[in-house]
Amino acid sequence: MDVRERASWDGRKMINARVKAFYLQQHADSPVLLSTERDVDSLIDVLLEGSEWENAAELHSLDRNLLPSGFPDHEFLVGVNRERYVGVVSYMDEKNFVSLGSSADSGEDVSYFIAGNPTEFPLSSEIPLEHVRRAVKEFLSSGGVRPECIQWQEPEIW
């Protein structure tokens, strides 16, 4: 996607989108566009209030270049768990990273769902929701750089 395609019309004004988000089936053709911290808060709130089978989102920064194939050169996943008020984030580009939480890894994995499709994360990747929000906001404002406001780990399997 080039710079001309990064802005969209919402019926009232132009929106300079910085991130595309996919979390429901219909987003395959029409992703949610995020341009402000308020948009990030809305995304997290929708994930918290939605179905347990739709509690995660895949994000791509529009500030980064696409690969020659036309696909993004990175992926940022965010998931939330409303019962435990925790979540996960992952960042993939040349390497894969997941958030590092304070819970000891008991060897178990936890699943988060994008449009009903599960993605497993190490239990040790769950972090408080306020840290999830902060990481997504940093991803948005940094142009798609891996956030520095949280600790990261390289998962053994991914």
Side-chain angles (χ1 to χ4, degrees), residues 1 6 8 15-24 27-28 31-67 71-158:
M1 176 175 291
R6 293 182 184 167
S8 67
I15 297 174
N16 290 317
R18 307 219 29 217
V19 169
K20 287 193 308 187
F22 305 88
Y23 52 93
L24 300 174
H27 295 153
V32 172
L33 300 175
L34 309 176
S35 58
T36 67
E37 289 190 2
R38 185 183 303 183
D39 294 340
V40 171
D41 286 331
S42 294
L43 168 68
I44 300 296
D45 293 344
V46 166
L47 294 175
L48 282 169
E49 296 165 5
S51 160
E52 67 181 287
W53 305 109
E54 296 172 335
N55 65 353
E58 178 181 326
L59 283 63
H60 299 279
S61 173
L62 298 174
D63 292 332
R64 292 180 57 145
N65 292 324
L66 297 176
L67 296 170
F71 290 99
D73 69 346
H74 68 289
E75 181 176 88
F76 189 79
L77 301 180
V78 56
V80 300
N81 181 304
R82 68 175 158 239
E83 281 91 32
R84 294 193 318 275
Y85 219 66
V86 296
V88 295
V89 293
S90 71
Y91 184 87
M92 294 167 247
D93 61 1
E94 294 176 9
K95 287 183 144 186
N96 297 333
F97 297 93
V98 294
S99 46
L100 176 61
S102 59
S103 66
D105 190 349
S106 62
E108 296 178 28
D109 290 332
V110 291
S111 293
Y112 288 81
F113 299 86
I114 300 172
N117 297 305
T119 300
E120 291 186 349
F121 295 86
L123 183 60
S124 64
S125 64
E126 291 188 314
I127 59 177
L129 275 181
E130 62 268 14
H131 296 182
V132 171
R133 285 182 193 272
R134 194 171 10 171
V136 179
K137 289 175 183 178
E138 185 176 336
F139 176 76
L140 171 79
S141 67
S142 71
V145 175
R146 181 166 51 105
E148 295 180 0
C149 64
I150 61 170
Q151 292 185 344
W152 295 94
Q153 61 183 317
E154 290 186 54
E156 291 180 26
I157 301 174
W158 257 28

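Values reported hereafter were calculated over all heavy atoms of this structure, with side chains retained and with hydrogens, waters and symmetry mates removed. When a residue number appears, it is its place in the shown sequence, counting from 1. Note that the structure is a prediction, hence the values are computed from the model and not measured.
A pairwise comparison of heavy atoms in Leu43 and Ala57 identifies CD1-CB, 4.2 Å as the closest pair. When all heavy atoms of Phe22 and Pro31 are compared, the closest pair comes out as CE2-CB, 3.6 Å. Contact record, Pro122 with Asp109: CA-OD1, 3.7 Å, taken as the closest heavy-atom pair. The minimum heavy-atom distance between Ser124 and Gln153, with the atom names listed, is OG-NE2, 3.1 Å. Contact record, Ala21 with Leu34: CB-CD1, 4.3 Å, taken as the closest heavy-atom pair.
In this structure, the side chain to side chain donor-acceptor pair (under 3.5 Å) partners of Glu58, at least two apart in sequence or on a different chain, are His60. Listed by chain and number, the residues in a side-chain contact (heavy atoms from CB on, under 4.5 Å) with Asp73 are Arg64, Leu67 (sequence neighbours excluded). For Glu154, the salt bridge (Lys or Arg N to Asp or Glu O under 4.0 Å) test picks out Lys95, with sequence neighbours left out. When the side chain to side chain donor-acceptor pair (under 3.5 Å) test is applied to Ser51, no partner is found at least two apart in sequence or on another chain. Residues passing the side-chain contact (heavy atoms from CB on, under 4.5 Å) test with Ile150, sequence neighbours excluded: Val89, Ser99, Ile127, His131, Ala135, Trp152. Evaluation of the side-chain contact (heavy atoms from CB on, under 4.5 Å) rule for Ser142 yields Val145 as partners, not counting sequence neighbours. Annotation: side-chain contact (heavy atoms from CB on, under 4.5 Å) contacts of Val46 (sequence neighbours excluded): Tyr23. Partners of Arg82 under the salt bridge (Lys or Arg N to Asp or Glu O under 4.0 Å) rule, at least two apart in sequence or in another chain, do not exist in this structure.
Classification of the Tyr91-Phe139 ring pair by plane angle, with boundaries at 30° and 60°, yields perpendicular.
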ask   = When you look at Leu140 and Asp39, which way does the side chain to side chain contact (heavy atoms under 4.5 Å, CB included) test go after all the steps?
value = CA-CA 10 Å; Leu140 171 79; Asp39 294 340; over 6 Å; no
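Looking at Asn55, its side chain never comes within 3.5 Å of a backbone N or O of Gly79 through a donor-acceptor pair.
The CD atom of Glu52 sits 13.5 Å away from the CG atom of Leu47 when rounded to the nearest 0.5 Å. We find the CH2-OG distance between Trp53 and Ser111 to be 8.5 Å, quoted to the nearest 0.5 Å. Atom CD in Glu37 sits 10.5 Å away from atom CD in Glu138 (nearest 0.5 Å). Going from atom CG of Leu33 over to atom CZ of Arg18 covers 13.0 Å, rounded to the nearest 0.5 Å.
Looking at heavy atoms from C-beta onward, Leu77 lies out of side-chain contact with Tyr112 at the 4.5 angstrom threshold. Proximity of Leu59 to Val136: side-chain heavy atoms (C-beta onward) are separated by under 4.5 Å at one or more points. Two residues are said to be in side-chain contact when any heavy atoms from C-beta on lie closer than 4.5 Å; Val88 and Val98 fail this criterion. In this structure the side chain of Ile114 never reaches within 4.5 angstrom of the side chain of Glu54, judged on heavy atoms. Inter-residue side-chain proximity for Val40 and Val19 is flagged as unmet; no heavy-atom pair is nearer than 4.5 Å.
Pairs of residues two or more places apart, or lying in two chains, that qualify as salt bridge (Lys or Arg N to Asp or Glu O under 4.0 Å) and include a residue from residues 125-134 are Asp41-Arg133, Asp45-Arg133, Arg84-Glu126.
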